[in-house]
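Data first, discussion second: the structure below is written as structure tokens.
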Amino acid sequence: GPNWEDDLAGGNTARADVNLQKIGQNIALDFHDIFMKYLPRLCNHCLNPACVAACPSGAIYKRDEDGVVLISQDVCRGWRHCVPACPYKKIYYNWQTNKAEKCVFCYPRLENGLPQICADTCVGRMRYVGVLLYDMDKVEAVASTENPQEIYDNMLDVLLDPHDPAVAKAAKEQGIPDNWIKAAKESPVFRLIKEWQIALPLHAEYRTVPMVWYVPPMSPILHKDAASVHFPEAEAMRIPVAYLAQIFSAGNEDVIRRVLNTLLDLRRYMQQRTRGEATTEFDTKYGEHTLYDMYRLLGIAKYRDRYRIPAGVNATQEEKRLHQGVGGFSDCAFGGCSGSAPSASGCNGCAGGGHE
Ligand code: SF4
Ligand code: SF4
């Protein structure tokens with residue numbers, strides 16, 4: 001399967017990786033020295049989707065209501081221009097139906113206020129889904145930014161702060177429902193992307209203004225001995241800063257350093273806090289309160305904190321309640337209760353929340 005190639009043959013195929021070639025740097029490729037990092041990729045539901053622009057049939061469109069990019073299977077004529085047009089290689093041609101297909105951001109679930117199935121079932125609980133309000137009028141200028149290293153900053157400018165009363169008012173005037181504005185204010189992705197700026201867009205230099213963002217991976221932190229953990233400088237980590245910069249910041253290493261230093265601060269702070277030690281100076285601008293908030297969202301967030309998805313018009317309380325009781329991914333195995341303990345036979349019939 002594909003993972004065999006990634007995991008065990010990577011030492012050979014990595015030499016052809018354009019991201020490595022660009023930095024002209026030798027990194028550990030010998031079998032004994034390598035470690036695995038995975039980068040799950042799905043369609044980015046871009047604000048400037050190249051696939052939409054490339055389709056001669058007009059079969060690909062970005063939905064007004066939630067920004068999901070879809071391919072109409074009725075309108076697609078199998079031209080396949082979208083396949084090479086997407087720089088993320090996220091469109092696949094179905095040779096049985098002769099239509100193009102891609103991630104649909106699980107829109108039927110989305111319409112019912114439910115997280116995407118890849119997010120819901122992720123055993124690492126590493127996906128976060130939420131609403132972002134943005135200024136569509138600025139997108140063309142962002143995509144046309146001359147210096148690729150400025151695209152990330154410009155993308156942040158496109159994203160609007162829903163806590164700003166003027167933004168909330170304008171959103172309401174433009175017909176965005178109250179529950180969407182509320183969800184935007186509580187959005188976990190807004191915190192990761194804009195407030196704390198620790199999530200970055202993948203290959204922003206492709207200029208499609210992607211809307212799936214990534215917290216860059218930390219290299220393995222090695223234990224010096226049983227009593228202490230050695231936190232390396234960002235610069236000394238096994239994944240070179242220059243390499244991460246090729247992937248997440250169009251080569252701007254300062255952005256990667258800032259994010260890694262924040263994540264290091266977070267770990268250092270939590271180690272000191274857990275041991276009851278006095279906290280030391282932090283490298284980054286965030287204080288104890290923010291670092292603890294980051295820890296809660298990144299480390300121990302509950303289901304309702306990772307996903308803030310406003311229900312669409314079709315969702316009923318019953319559908320939401322039924323979903324929250326399924327599969328053990330919600331906070332309570334029985335879907336939550338309103339204060340009294342759930343019975344051994346299952347949910348006692350509340351709408352979720354409260355008791356865990
Ligand atoms: S990632 Fe590719 S397929 Fe998805 S919206 Fe962007 S350009 Fe289109
Ligand atoms: S599970 Fe849904 S959101 Fe996730 S990649 Fe598949 S279609 Fe896209």
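Counting convention: from 1, in listed order, for ligands and their atoms alike.
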Exercise. Between R41 and Y88, is NZ or CZ placed under 6.0 angstrom from the six-membered ring centre and within 45° of the ring axis?
Worked result: no
Problem set entry | Heteroatoms of the protein, restricted to N/O/S, which lie under 2.8 Å from atom 8 (Fe) of ligand 2 | C103 SG
For this session: From the options P87, C51, P49, select the one whose nearest heavy atom is closest to atom 8 (Fe) of ligand 1.
Result: C51
For this session: For D157, enumerate each residue passing the side chain to side chain contact (heavy atoms under 4.5 Å, CB included) test, keeping only those at least two apart in sequence or located in another chain.
Result: N154
Problem set entry | E101 and I91, any side-chain heavy atoms less than 4.5 Å apart | no
For this session: Write out the residue and atom name of the closest protein heavy atom to atom 6 (Fe) of ligand 1, then the distance separating them to 0.1 Å.
Result: C46 SG, 2.3 Å
For this session: Distance to 0.1 Å, residue and atom name: give those for the protein heavy atom nearest to atom 2 (Fe) of ligand 1.
Result: C86 SG, 2.3 Å
For this session: Could you tell me whether I60 approaches ligand 1 through its side chain, its backbone, both or neither, with non-hydrogen atoms closer than 4.0 Å?
Result: neither
Exercise. Side chains of W79 and S57: do they bring a donor and an acceptor to under 3.5 Å?
Worked result: yes
Problem set entry | Check: H289 ring centre within less than 6.0 Å of Y292 ring centre | no
Exercise. Which atoms of ligand 1 sit under 4.0 Å from any heavy atom of K102?
Worked result: 3 (S), 4 (Fe)
Exercise. What is the nearest protein non-hydrogen atom to atom 1 (S) of ligand 1, stated with its residue, atom name and distance?
Worked result: N44 N, 3.3 Å
Exercise. Any idea which atoms of ligand 1 are less than 4.0 Å away from a heavy-atom of Y88?
Worked result: 1 (S)
For this session: Decide if atom CZ of R296 counts as having more than 12 heavy atoms of other residues, nucleotides or ligands within a radius under 6.0 Å.
Result: no
Exercise. What's the shortest distance from atom 7 (S) of ligand 1 to any protein heavy atom, and which residue and atom give it?
Worked result: A50 N, 3.6 Å
